Amino acid sequence: MSILTTVGQRVPRTDAAAKVTGQARYTADMRRHDMLIAGVCFAPHPHACIKKIDVSDAEAFPGVVAVMTAKDLPGRNAYGLLCPDKPVIADMKTRYEGDPVAILAAETEEVARKAVELVRVEYEPLPVYDDPREAMEDGATLIHERHPVAERGNLLTTVALDCGDVEKAFAEAAVVIENDYETPMVEHCYLEPDVCIAEPNPLTGGLTLTSPSQAVYATRRNLAPVFGIPQHKLHVVSPLVGGGFGGKEDSTLDVCVVAGVLALKTGRTVFFELNREEIFRTTGKRHASYIRHRLAADATGRITGMDIRFVLDKGAYVSLGGMKEPFHAVTMRTVMYAAGPYAVPNARVRSHSVFTNHPYSCAFRGFGAPQAAYAMECQMDELAHRLGLDLVEVRRRNMLRAGDRTITGQVMLESRGLGLEECLDRVLERMEWSSRPVALGTGPIRRGRGLGLFLYGTGVPMLFEGASCFATLQLDGTLNINVGSTEMGQGLTTALAQIASELLGIPLDDVLVDISDTALAPDSGPTVGSRSVVLVGNAVTDACVRLRERLLDTAARYFFQTDVRNLEIGGGRIFESGKPERSRTFAEVVLKAFNTQVPLSVVGSWYPPQATFRVEDGQGNPCHAYSFGAHGVEVEVDVETGSVSVTRSVLACDVGKAINPVNVEGQMEGGAAQAIGWSVMEESILERGVMKNAAFHNYLIPTSRDLPLLESIIVEHPNELGPFGAKGVGEPPIVGGAPAIRNAVRDALGFPINAIPLTARQVLLAIRTREQCQGGER
């Protein structure tokens with residue numbers, strides 16, 4: 001491959017100046033004074049029958065234009081990414097405190113707020129379930145009496161995986177490690193609130209929705225039946241997005257349905273924005289998990305088998321929680337990643353997704369992998385401690401290498417990039433792991449260090465996975481690219497522009513990748529699953545390669561009278577190989593192509609090898625390539641207060657090829673920061689379905705004062721199927737942090753704590769409990 005000039009370079013993000021100067025326009029910046037303001041009356045009871053609704057006082061309130069209950073909806077009263085099970089407006093019962101029972105449109109925000117308080121509803125409270133293990137018991141009150149896809153009772157689904165002979169592995173094992181682990185439900189905490197502007201289109205009879213969305217085409221497909229209009233008349237636009245982390249696949253639907261039906265009802269443009277408390281109480285969260293993990297190994301520490309049971313808190317509705325088809329739900333991915341980056345010959349895994357009266361659980365950076373990796377990496381430390389082996393050596397002895405199979409049966413290929421061991425080596429070297437052991441500390445401070453290894457599949461394992469783009473050359477030699485995937489702060493548009501610039505040999509400033517808009521771009525798939533740079537990047541590659549071929553053919557025919565194989569392209573010019581003085585500008589050749597009827601627009605597409613995942617045993621090839629990584633941390637634990645401080649974080653990720661190292665490091669630092677938050681402080685606390693910490697003053701996230709210097713190491717083992725060798729990087733950085741921190745705390749204290757977050761209260765309670773137990777033994 002020739003020397004790269006744009007790809008791999010640390011170029012500034014194309015949207016950086018507008019964002020840092022405050023000139024970039026987000027959805028809320030588009031609000032106008034003539035818009036109606038939507039208001040929602042949410043359910044005060046997380047689980048209750050609705051006996052009566054009286055909206056007459058709200059309708060009579062001055063400034064109110066329309067009030068709607070379920071009977072007033074224009075189309076289907078249900079929506080959802082995988083299954084339409086979430087009501088636009090609850091009619092018979094409420095299932096969590098985010099269910100609307102009435103919605104309204106008013107002339108001002110103050111009127112809307114006061115009118116919502118005038119809605120009168122009579123409820124008959126029902127039993128509330130906070131714990132999915134209780135909700136799945138026989139005899140539990142049904143949260144959904146007739147759910148369209150639930151297996152039985154409150155159990156939405158069970159995803160199973162079986163490989164090898166698990167019973168034999170445990171019967172012959174030299175050691176069996178059995179532990180229970182818990183991970184919390186947490187909030188996405190994206191900066192930009194959920195918001196929608198819904199505008200009726202009198203010309204088409206349709207509707208335009210402007211909302212920060214991670215999936216504009218999924219929004220269109222999901223909501224057209226709600227509005228009672230065909231998909232081609234529903235126009236969805238996602239401007240710049242102020243963070244999403246998976247949450248804005250679903251929460252966009254929540255605000256769009258409200259604004260959309262009110263816009264159709266009133267014939268006017270409607271603005272609807274959730275405030276921060278409403279976001280906490282009503283939008284999706286990371287699945288809380290309860291994990292029973294059994295690990296079998298021989299005397300050398302080689303894993304021979306595992307038997308794992310996940311119970312996931314689904315919340316009130318499906319979202320991305322667990323249908324067996326299509327095979328990309330969070331439940332399925334806890335099974336996929338249950339063994340982490342290790343070769344395990346015998347495995348039995350069951351993952352149960354269970355309805356509760358909590359906010360629906362949805363995609364959140366990592367998409368099931370963080371929960372699975374947490375338990376597995378904690379078990380690796382426990383295995384090493386039980387056998388008296390080195391923590392690093394146990395991991396090396398079991399890690400996946402070329403030719404090994406994952407527990408789904410997928411063969412690891414060097415050509416797809418296998419950089420796990422290099423990631424581990426680079427972290428150990430940076431931390432001086434072997435030569436500089438961490439001092440335990442004196443007084444109340446105890447120090448420890450820990451590791452977390454991980455793998456993460458690029459893309460989502462769907463049978464219909466793929467991406468397309470539009471690419472159009474302008475007559476001055478510049479290029480427009482339109483994709484249906486979303487720029488939400490991760491640098492996607494910059495990376496795609498770099499790919500196009502490299503392939504066409506034109507300056508980066510001559511490429512414009514526009515916002516996600518169903519009227520201007522084809523379906524590129526959702527911005528999820530660390531898929532966009534690879535899948536959409538390959539679609540852009542396909543488009544640019546074809547444009548390049550057309551231009552080289554034009555240049556060879558009309559300007560150089562030579563074989564096209566003698567021409568090169570770069571620096572904004574096309575020239576003969578070895579004769580740079582014989583050249584034409586890129587714009588000259590584009591104009592000639594236009595004048596000789598050569599098309600200057602193409603549709604680029606790319607589809608990965610078809611994903612497979614058998615329902616009966618969980619075997620198959622769910623992802624075409626995997627990113628790998630290692631996360632090392634050092635911590636200080638104050639044994640008098642229980643406070644845990646992460647004092648060092650070193651993260652190495654094998655990303656195949658860093659299209660823009662600055663963006664990649666930004667993803668890695670952000671993932672490490674979120675991992676620290678999830679590990680030591682973040683947790684949504686619900687009691688009888690009511691959230692107790694629905695604000696940032698009592699739901700804590702790490703600030704700069706809570707974080708150490710976040711050290712990032714880029715490792716590049718190219719993926720033959722990625723653009724310039726790239727693999728996914730958006731989600732992998734969060735996966736290894738929590739077990740690394742837990743293992744470091746174990747190292748500091750000398751005993752394990754298996755539930756996160758490791759808050760001061762929880763750590764101090766564990767210390768006191770252990771002291772009492774040891775005192776009792778003496």
Side-chain angles (χ1 to χ4, degrees), residues 1 4 6-8 214-218 326-328 410 413 415-417 456-473 479-487 490-504 511 513-514 516-518 520-550 599-612 621-627 655-660 663 717-731:
M1 181 181 291
L4 301 177
T6 307
V7 166
Q214 295 183 229
V216 290
Y217 273 88
F327 308 122
H328 70 297
Q410 185 163 358
L413 302 174
S415 60
R416 306 284 173 87
Y456 192 86
T458 294
V460 290
M462 300 186 295
L463 299 180
F464 50 87
E465 174 72 311
S468 296
C469 74
F470 293 154
T472 302
L473 283 167
L479 177 71
N480 285 97
I481 294 176
N482 296 91
V483 299
S485 296
T486 303
E487 169 61 59
Q490 80 279 39
L492 174 63
T493 54
T494 304
L496 297 180
Q498 286 179 263
I499 291 170
S501 169
E502 191 70 58
L503 291 168
L504 290 176
V511 182
V513 182
D514 217 330
S516 186
D517 185 328
T518 57
L520 302 177
D523 191 353
S524 306
T527 304
V528 300
S530 302
R531 66 183 295 280
S532 297
V533 165
V534 177
L535 277 85
V536 185
N538 273 333
V540 170
T541 298
D542 178 50
C544 290
V545 165
R546 287 196 279 147
L547 287 173
R548 176 189 176 108
E549 290 172 350
R550 293 176 189 179
L600 298 179
S601 295
V602 297
V603 178
S605 297
W606 190 75
Y607 296 87
Q610 191 172 71
T612 58
N621 297 339
C623 294
H624 84 274
Y626 293 86
S627 300
V655 301
K657 175 64 179 179
I659 302 297
N660 187 333
N663 287 347
H717 284 237
N719 165 25
E720 63 180 349
L721 297 182
F724 297 94
K727 297 189 287 189
V729 69
E731 292 170 281

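Quick note: residue numbers are just sequence positions, from 1. Since we're looking at a predicted model, the values are computed, not measured.
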Asker: Would you mind reporting whether Pro609 and His624 have side-chain heavy atoms less than 4.5 Å apart?
Answerer: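 His624 vs Pro609: side chains touch.
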Asker: In Å, rounded to the nearest 0.5 Å, how long is the span from CG of Leu496 to CG of Asn660?
Answerer: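 One gets 11.5 Å once the value is rounded to the nearest 0.5 Å.
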Asker: I would like to know whether Ile481 and Phe470 meet side-chain contact (heavy atoms from CB on, under 4.5 Å); could you show each step before the answer?
Answerer: CA-CA 6 Å; Ile481 294 176; Phe470 293 154; over 6 Å; no
Asker: Counting only N and O atoms by type, is there a donor-acceptor contact under 3.5 Å from the side chain of Ser516 to the main-chain atoms of Thr486?
Answerer: no
Asker: Taking only residues two or more places apart in sequence, or in another chain, which ones meet Glu549 in a salt bridge (charged side-chain N to carboxylate O under 4.0 Å, His left out)?
Answerer: none
Asker: Taking all non-hydrogen atoms of both residues, which atom of Ala467 and which atom of Arg531 are closest, and how far apart?
Answerer: CB-NH2, 4.3 Å
Asker: Who are the salt bridge (charged side-chain N to carboxylate O under 4.0 Å, His left out) partners of Arg548, not counting sequence neighbours?
Answerer: none
Asker: Taking all heavy atoms of Leu4 and all of Phe724, pick out the closest pair and write down the distance.
Answerer: CD2-CE2, 3.7 Å
Asker: Tell me whether Ser485 contacts the main-chain N or O of Gly525 through its side chain, where contact means a donor paired with an acceptor under 3.5 Å.
Answerer: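 Checked: pair present.
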Asker: Check whether any side-chain N or O of Lys727 sits under 3.5 Å from a backbone N or O of Ala625 as a donor-acceptor pair, and report yes or no.
Answerer: no
Asker: At what distance, to the nearest 0.5 angstrom, does CG of Leu503 lie from OG1 of Thr6?
Answerer: 9.5 Å
Asker: Got a donor-acceptor contact below 3.5 angstrom from the Asn538 side chain to the Leu721 backbone?
Answerer: yes
Asker: Taking Ser605's backbone N and O only, do any of them form a donor-acceptor pair with Asp542's side chain (distance below 3.5 Å, no angle check)?
Answerer: yes
Asker: Assess the residue pair Leu479 and Leu547 against the criterion (side-chain contact (heavy atoms from CB on, under 4.5 Å)); give the C-alpha distance rounded to whole Å, side-chain angles, the decisive distance to 0.1 Å, and a yes or no.
Answerer: CA-CA 10 Å; Leu479 177 71; Leu547 287 173; 4.0 Å; yes
Asker: Nearest 0.5 Å, what's the CD-OG1 distance between Gln498 and Thr493?
Answerer: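 One finds 10.0 Å between CD of Gln498 and OG1 of Thr493.
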Asker: So, using salt bridge (charged side-chain N to carboxylate O under 4.0 Å, His left out) as the criterion, who are the partners of Arg550 when residues are at least two apart?
Answerer: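 Residues passing salt bridge (charged side-chain N to carboxylate O under 4.0 Å, His left out) with Arg550: none at all.
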Asker: Do the side chain of Ser524 and the main chain of Ser468 share a donor and acceptor less than 3.5 angstrom apart?
Answerer: yes
Asker: Closest heavy-atom contact between Cys623 and Gln410?
Answerer: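 Distance-wise, the nearest heavy atoms are O-NE2, 2.6 Å.
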Asker: Which atoms form the tightest heavy-atom contact between Thr458 and Ser530, and what is the distance?
Answerer: CG2-O, 3.6 Å
Asker: Are the side chain of Glu465 and the backbone N or O of Ala611 linked by a donor-acceptor pair below 3.5 Å?
Answerer: no
Asker: About how many Å separate OG of Ser627 and CG of Asn719, when rounded to the nearest 0.5 Å?
Answerer: 8.5 Å
Asker: For a quick test of reading the model, state the closest non-hydrogen atom pair linking Thr518 to Tyr217 and the distance between them.
Answerer: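 Taking every non-hydrogen atom into account, O-OH, 3.3 Å.
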Asker: Would you check if Thr527 and Gln490 make a side-chain contact, meaning some heavy-atom pair closer than 4.5 Å?
Answerer: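 Yes. Closest side-chain heavy atoms under 4.5 Å.
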Asker: Let's go through Val216 and Asp517 carefully: what are the C-alpha distance in whole Å and the side-chain angles of both, what is the deciding distance for side-chain contact (heavy atoms from CB on, under 4.5 Å) to 0.1 Å, and is it a yes or a no?
Answerer: CA-CA 7 Å; Val216 290; Asp517 185 328; over 6 Å; no
Asker: For the residue pair Pro723 and Ile659, what are the closest heavy atoms and their distance?
Answerer: O-CD1, 3.7 Å
